Amino acid sequence: MVQSQDVAQPISSREELRNLVRSQLQIFLEQGNLNDAKLLLVPVQAVDVAEVIGDLPENLHAIAFRLLPKDEATEVYEHLDRSVQQALIEEFKNQEVRDLVEQMSPDDRARLFDELPAKVVRQLLTHLSANEREATSLLLGYQPDTAGRIMTPEYISLKEHLTVNAALERIRHLADTTETVYALYVTDAARHLTGILSLRDLVVAQPEQTVGEIMNRDAVFVHTSTDQEEVARTIQRYDFLAVPVVDREQRLVGIVTVDDIIDVIERETTEDIYALGGLQSDGEDYFQMNLFRVSRQRASWLLILLVTNVLTSAVIRANEGTLKQLVGLAMFIPLLIGTGGNVGTQSSTVIIRGLNMDKIQTGGAWRLIRREAIAGLMLGSMLGALVTVGAYLLQGDIIISLSAGVSLIAIAVLASTSGAALPILFKSQGFDPALMSAPFITTCVDVLGVLIYFTVARVLLTLIPTA
């Protein structure tokens, strides 16, 4: 029997699949072919459906979302971009919104409420069921960016006296209403956390054993006030699927799951990258922000750098006499401050990353600063030797070539030292090192670098007679 040659080729990646579904879905929706559009979404994962809907033109978001079955709509909604979520709330009728928000998990609902106007949040809260309203209000009562704010109260707790069979039966009963069944927590009558165990521990245990016999009493946990970055480090350190969250009285109030922490890490990393560029996103999607706000945020730090350039110009103006004697000095100013800026950026990047990952302790700060200073001296010496030779070949003037080479060594040491010291200093004072370091390092390198350059040139002019 001859097989048909029209067999469809396999999709090489999920990204290609999403692009194919998005393009086909858009065609169906624009043609008004809703039945085929609905069938197209049936075999696609919820997270992929959310991305497909988000990539559609705005006028098609609500139409595509309404095609989803009710039992899938909530899961898809939780994966949608915040801006799409808000737009859908404005588009839907009141009852549709209430049903959708009611079915969301408390932690996802709390994150959505953080993005909505206060008036809308109050209205939605009043229409939630008593249990869901209590769970959401509990999360909203904690400070932003803490474990309490990102946790979910949907977890499975067990008692020590339960047998393995009884515990498994309880898990079956609660599986549909909890965030995860793989991480289990043991509490006493007052809800104090007394131990942890995994579903694997239960499965491999003997049916007549009790939870108290197989649980791990050395429970690792975080408090409701623990910063979300510390929560991420705890989950990473112990390879948890979820970490328990306790209140001041050590009562178990929720768990933070690894999928929520991945979202936190992505947001924190984005904020740090923006901060290194002199931008503050305040947790918002930069590409969804108003252009006026974008310009205002950029302008604040650009004004600081403008002042830096004015100071640099003032230093150059103060050394006009030296420039008149050696006009060729001007040729190497951009090279020196540019190289210094690159050295400073390298040092500050590794130090800021170390601070964010909690790998730098206060006691070892001076050792790190000294280490970066020595690295700057080594880099400066290598680059300085090359610049000295290159400058002499270009200008044929020993004073200019020595001034450029010696200054580059000093500037490299200055840049690497300030690049290491300033982030640690700002961190110790409670400032964001990623946001604060860049303009101050630029100031140090540009202003002091040019000052060093002309000072070295003046000294050499007095030591070496010119022709």
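Keep in mind that what you see is a predicted model, and the values were worked out from it rather than measured.
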Can you name the closest pair of heavy atoms from [X] and [Y] and give their distance?
X: Ile214; Y: Leu197; result: CD1-CD1, 3.9 Å
X: Ala147; Y: Val222; result: CB-CG2, 4.0 Å
X: Thr163; Y: Glu208; result: CG2-O, 4.3 Å
X: Leu158; Y: Val211; result: CD1-CG2, 4.3 Å
X: Ile452; Y: Ser407; result: O-OG, 4.0 Å

Thinking salt bridges, do [X] and [Y] make one under a 4.0 Å N-O criterion?
X: Asp107; Y: Arg149; answer: no
X: Arg237; Y: Glu230; answer: no
X: Arg111; Y: Asp260; answer: yes
X: Arg18; Y: Asp48; answer: yes

A quick test of your reading: do over 12 heavy atoms of other residues, nucleotides or ligands sit less than 6.0 Å from [atom1] of [X]?
X: Arg66; atom1: CZ; answer: yes
X: Glu30; atom1: CD; answer: yes
X: Lys38; atom1: NZ; answer: no
X: Glu58; atom1: CD; answer: no
X: Glu134; atom1: CD; answer: no
X: Asn59; atom1: CG; answer: yes

Quiz item: Hey, which of Glu78, Glu132, Glu102 is the one that makes side-chain hydrogen bond (donor to acceptor under 3.5 Å, both in side chains) with Arg109?
Solution: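 That would be Glu132; it is the only one of Glu78, Glu132, Glu102 passing the side-chain hydrogen bond (donor to acceptor under 3.5 Å, both in side chains) with Arg109.
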
Quiz item: Does Thr417 use its side chain to pair, donor to acceptor, with the backbone of Leu414 at less than 3.5 Å?
Solution: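 It does not hold such a pair.
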
Quiz item: Between His61 (side chain) and Ala87 (backbone), is there a donor-acceptor pair under 3.5 Å?
Solution: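 Not at all, since once roles are kept as given, no pair shorter than 3.5 Å links the two residues.
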
Kindly indicate whether the side chain of [X], heavy atoms from C-beta on, has any atom under 4.5 Å from the side chain of [Y].
X: Ile255; Y: Val245; answer: no
X: Tyr182; Y: Arg200; answer: no
X: Leu139; Y: Thr152; answer: no

Quiz item: His223 vs Phe221 aromatic rings, parallel, tilted or perpendicular, using cut-offs 30° and 60°?
Solution: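 The arrangement is perpendicular - the two ring planes meet at more than 60°.
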
Quiz item: Can you tell me how far CG of Asp188 sits from CD of Gln250, rounded to the nearest 0.5 angstrom?
Solution: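 One gets 11.0 Å once the value is rounded to the nearest 0.5 Å.
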
Quiz item: Going by distance alone, is a donor N or O of one side chain under 3.5 Å from an acceptor N or O of the other, for Ser129 and Asn131?
Solution: no

Exercise. Could you verify whether a donor N or O on one side chain and an acceptor N or O on the other, from Ser198 and Asp201, lie under 3.5 Å apart?
Key: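 Short answer, yes.
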
Quiz item: For Phe240, which of Ile261, Val220, Val258, Val231 qualifies under side chain to side chain contact (heavy atoms under 4.5 Å, CB included)?
Solution: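 By the side chain to side chain contact (heavy atoms under 4.5 Å, CB included) criterion, Phe240 pairs with just one of Ile261, Val220, Val258, Val231: Val220.
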
